[in-house]
Amino acid sequence: MAEKQISMPAKFINGGIAGIIGVTCVFPIDLTKTRLQNQRNGQQIYKNMWDCLRKTVRSEGYFGMYRGAAVNLTLVTPEKAIKLAANDFFRHHLAKDGKSLTLFKEMLAGCGAGTCQVIVTTPMEMLKIQLQDAGRLACHQKAAVGIPCLQPGSKHLNVVHALSRAYNVGPTSVTQKISATQIASQLLRSEGVRGLYKGLGATLLRDVPFSIIYFPLFSNLNKLGKSSPDDRAPFLHSFVAGCIAGSTAAVSVNPCDVIKTRLQSLNKGANEETYNGIIDCVRKIWIKEGPSAFLKGSGCRALVIAPLFGIVQVVYFLGVGETVLEFAQFSLTA
């Protein structure tokens with residue numbers, strides 16, 4: 001791909017379409033991942049992914065599984081577009097005389113892509129996590145006063161703990177309906193833009209290694225399906241290559257994802273500890289929950305990332321964005 005002329009508008013269209021399709025398909029599993037990563041040992045509400053999905057549907061309804069999806073769907077287009085376009089950009093400029101990139105340069109291009117995407121990823125994850133974790137926190141609040149959180153017909157999804165000005169200081173007793181817009185507005189008023197970028201370091205710690213692993217692995221797996229260097233790999237091969245590369249990278253960086261999720265959670269359940277940065281978070285998780293806690297939600301994350309990036313790469317390599325731009329240009333000249 002390095003020898004081809006890069007069309008940035010087409011890459012943004014490809015990233016946007018693929019991101020929206022992928023997120024719509026796998027968002028319930030992503031919600032499950034967030035809740036499993038945030039629950040502490042001895043305070044488990046959910047036993048595993050299937051138990052979490054079942055209890056979420058029972059207590060919050062079908063659409064409860066899509067709590068926070070609007071944030072993702074709104075910001076996934078620029079996020080995926082930046083990630084994919086940046087990788088192409090760096091690969092293009094690292095290539096010499098059309099020669100294939102060395103593994104080190106492929107990893108360098110992935111590093112650049114992962115660094116660029118956090119501009120959008122950090123605030124997106126920040127807002128999404130608050131909404132995804134609302135149901136789990138509501139269960140904790142009900143349990144604290146002796147009310148079963150899975151009463152038939154009980155709908156606690158739209159109620160979350162009211163945010164306090166001093167974040168990560170524990171739960172409050174007041175509940176209110178809240179949206180991503182309200183959370184963003186309150187963070188901007190109290191902490192400025194910095195509030196939306198809470199957990200930036202942890203996001204970089206997750207996304208940069210992810211891209212360093214994912215892009216070179218996908219590129220080399222995808223090459224195996226090409227009959228010649230100038231040909232495109234078959235549709236199914238690109239999808240499978242994206243799935244394998246995505247799931248491998250996702251599981252590899254899952255400990256960083258657990259740290260990021262814990263740091264970005266503004267509200268805490270009863271007796272849940274707070275953290276003062278990445279090192280403090282790592283230390284407390286290791287001491288109180290053991291090393292296995294860093295793998296919480298890894299299965300869910302693999303199931304989310306595998307099809308998501310499989311879909312992304314299929315749309316990307318089919319050139320949907322290029323087709324859309326060509327059709328638009330033809331319509332204008334007709």
Side-chain angles (χ1 to χ4, degrees), residues 19-39 43-77 79 120-143 147-163 167 171-172 174-187 196 198-199 257-258 260-269 272 296-297 300-301 303-305 307-308:
I20 290 171
I21 294 172
V23 167
T24 302
C25 294
V26 301
F27 192 84
I29 304 176
D30 186 62
L31 178 140
T32 301
K33 180 216 66 156
T34 297
R35 294 189 178 184
L36 290 175
Q37 287 182 340
N38 258 336
Q39 67 179 5
Q43 299 179 342
Q44 288 95 335
I45 297 172
Y46 314 109
K47 298 177 182 177
N48 51 48
M49 180 182 73
W50 301 113
D51 185 55
C52 182
L53 287 172
R54 180 178 60 83
K55 288 178 178 177
T56 299
V57 173
R58 281 181 58 193
S59 62
E60 305 168 26
Y62 173 79
F63 291 105
M65 295 189 296
Y66 284 89
R67 180 68 171 172
V71 177
N72 245 30
L73 290 173
T74 301
L75 296 178
V76 74
T77 296
E79 188 220 18
V120 177
T121 303
T122 305
M124 178 182 77
E125 292 279 311
M126 182 72 180
L127 298 175
K128 182 192 72 171
I129 284 172
Q130 315 317 315
L131 298 172
Q132 286 184 327
D133 205 34
R136 187 188 69 88
L137 290 172
C139 268
H140 269 289
Q141 188 180 38
K142 287 186 176 183
I147 302 174
C149 69
L150 291 176
Q151 290 177 334
S154 172
K155 303 292 183 183
H156 60 243
L157 183 60
N158 292 324
V159 181
V160 302
H161 296 287
L163 297 177
Y167 297 111
T172 61
V174 182
T175 58
Q176 63 182 35
K177 291 183 179 180
I178 197 162
S179 66
T181 304
Q182 289 173 302
I183 296 171
S185 298
Q186 190 163 344
L187 283 169
L196 289 175
K198 185 180 179 65
D257 191 52
V258 172
K260 182 197 70 67
T261 299
R262 295 283 182 95
L263 288 175
Q264 287 189 320
S265 297
L266 300 179
N267 294 291
K268 307 292 183 184
E272 290 183 351
K296 285 184 177 180
C300 295
R301 183 162 165 75
L303 289 175
V304 168
I305 297 297
L308 176 59

Going by the rule side chain to side chain contact (heavy atoms under 4.5 Å, CB included), which residues pair with I29 if we only count those two or more places apart in sequence or in a different chain?
M49, C300, L303, V304
List for me each residue that meets side chain to side chain contact (heavy atoms under 4.5 Å, CB included) alongside N48, sequence neighbours excluded, and say none if there are none.
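Checked N48 against side chain to side chain contact (heavy atoms under 4.5 Å, CB included); matches are W50, D51.
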Contact between [X] and [Y] at the side-chain level, heavy atoms closer than 4.5 Å - yes or no?
X	Y	answer
D257	T261	yes
K268	L137	no
T122	Q264	yes
K296	R262	yes
L127	L196	yes
K198	L266	yes

[atom2] on [Y] to [atom1] on [X], rounded to 0.5 Å:
X	Y	atom1	atom2	result
T34	Q132	OG1	CD	3.5 Å
L31	I129	CG	CD1	11.0 Å
N72	Y66	CG	OH	12.0 Å

Closest heavy-atom contact between [X] and [Y]?
X	Y	result
Q39	L36	CG-O, 3.4 Å
T56	R35	OG1-NH1, 3.3 Å
M65	F27	O-CD2, 3.4 Å
L131	A180	CD1-CB, 3.8 Å
D133	N38	OD2-ND2, 3.1 Å
C52	T32	CB-CG2, 3.6 Å

Using the rule given for salt bridge (Lys or Arg N to Asp or Glu O under 4.0 Å), can you reason through E60 versus R136, listing the C-alpha separation, both sets of side-chain angles and the distance that settles it, and then say yes or no?
CA-CA 11 Å; E60 305 168 26; R136 187 188 69 88; over 6 Å; no
Residues passing the salt bridge (charged side-chain N to carboxylate O under 4.0 Å, His left out) test with K128, sequence neighbours excluded, are D30, E125
